[in-house]
Amino acid sequence: MDLRLLGARARNELVGGPLEVAPRLLGKVLVAYDQQVEADGWVGAAAGRIVEVEAYLGAEDPASHAFRGPTARNRTMFGSPGLLYVYFSYGMHYCCNVVCQPPGTAGAVLIRALEPLAGLEMMRARRSVRRVGSAPLRDTELCSGPGKLCQALGIGPSDDGADLLAPTSRIRLGEARGTPQDVRRGPRIGISQSHTTAGEHWRWWEAGNEHVSVRPRR
DNA sequence: CTTTGGATCGTCT
DNA sequence: GACGATCCAAAGG
């Protein structure tokens, strides 16, 4: 199957409230090219199909980085729909979001897991850097978590603010690869209880997909 | 299989 | 000075 990158005309698909845009991202392809030149197709790409997402709102969401208004760290969240918001987590990992609300308001969708489609060996190499001597990673361990997929795709601080729909960006979005069959939703992962409200089901994933992150609840 | 604790540092109080 | 939108290895059943 060929890869069809989304262009500026697809921007409207990414505009809206995070609760509306998040499930819409399931099935789409996240692509990271090795070079920053105008690339296309699978060559030189590490790519995966989005199988798990979470919605993060603005002032109404205590768990969101944007809860207390714009800062130097979260400024991309207040930017335009289609931008990639990358943040540094736990002093060790990076996580990435798709911004979905117009400038001035904040809203984004955290990409939590990918089903690897291309560049598997590049992913394995990047993911193994801090694991010298350990057994080779299985495919299901490459992108089954927000920190893992950023490491696998080489996403870091220099990718913060990149336009996912621009031909010059290293990180792009591709057209959905099949419609997710069994989409389920539940509480977000890793949020402290004081920041959550009972009944908030702001995490979506494709049921039965082996690449979805599996983490303990608290 | 599940549970637990350590690593590690930027951000905001 | 405390706390994470996390991950991993080690220990326990």
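Numbers restart at 1 for each chain; the letters A, B, ... are given by sequence-line order, proteins then strands.
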- Message: Testing A:Leu142, A:Val31, A:Leu114, A:Asp159 one by one against A:Leu153 for a side chain to side chain contact (heavy atoms under 4.5 Å, CB included), which residue passes?
- Response: A:Leu114

- Task: Whole angstrom is fine here: how far is it from NE2 in A:His195 over to P in C:dC3?
- Result: 11 Å

- Message: Tell me the interatomic distance from A:Glu141, atom CD, to C:dC8, atom C1', rounded to whole angstroms.
- Response: 10 Å

- Query: How about A:Ser169 and A:Asp163: does a side-chain donor come under 3.5 Å of a side-chain acceptor?
  - Reply: no

- Would you indicate whether the side-chain heavy atoms of A:Leu164 and A:Arg172 approach each other to under 4.5 Å? no

- Item | Lys/Arg-Asp/Glu bridge criterion (N-O < 4.0 Å) met for A:Arg49, A:Glu206 | yes

- Nearest heavy atoms of A:Gly174 and A:Leu3, plus distance in Å: CA-CD1, 4.2 Å

- Secondary structure of DNA chain B per the Watson-Crick/G-U criterion (both distances under 3.5 Å; [ ] crossing, | other strand, . unpaired) is |||||||.||||.

- Would the number of heavy atoms belonging to other residues, nucleotides or ligands and lying under 6.0 Å from CD of A:Glu20 be above 12? yes

- With side chains defined as the heavy atoms from C-beta onward, is the minimum distance between A:Val99 and A:Leu84 less than 4.5 Å? no

- Item | Base-contact (B) and sugar-phosphate-only (S) positions in nucleotides 6-13 of chain B, heavy-atom cut-off under 4.0 Å, - elsewhere | -BBBSSSS

- Shortest non-hydrogen contact from A:Leu57 to A:Glu60? CB-OE1, 3.3 Å

- Taking atom C1' of C:dG4 as reference, at what distance in whole Å does atom CD of A:Glu54 sit? 14 Å

- Does the side-chain ring of A:Tyr56 lie flat on the base of C:dA5, meaning centres under 5.5 Å and planes less than 30 degrees apart? yes

- Note on the structure: Atom CD1 of A:Ile155 and atom C1' of C:dT6 are separated, to the nearest Å, by 16 Å

- Item | Over-ring placement of A:Arg188 relative to A:Tyr56, 6.0 Å and 45° cut-offs | yes

Short N/O separations, protein against nucleotides 9-12 of chain C, under 3.5 angstrom:
from  : atom 1 : to       : atom 2 : distance (Å)
C:dA9 : OP1    : A:Arg131 : NH2    : 3.4
C:dA9 : OP1    : A:Ser134 : OG     : 3.3

- When rounded to whole Å, the CG to P distance for the pair A:Leu149 and C:dA5 reads 16 Å

- Message: What I'd like to find out is whether the side chain of A:Leu110 reaches to under 4.5 Å of the side chain of A:Tyr85, using heavy atoms alone.
- Response: no

- Task: Round to the nearest Å and state the distance from A:Lys148 atom NZ to C:dA5 atom P.
- Result: 18 Å

- Query: Looking only at heavy atoms, what is the nearest atom pair of A:Arg127 and A:Glu141, with distance?
  - Reply: NH2-O, 2.9 Å

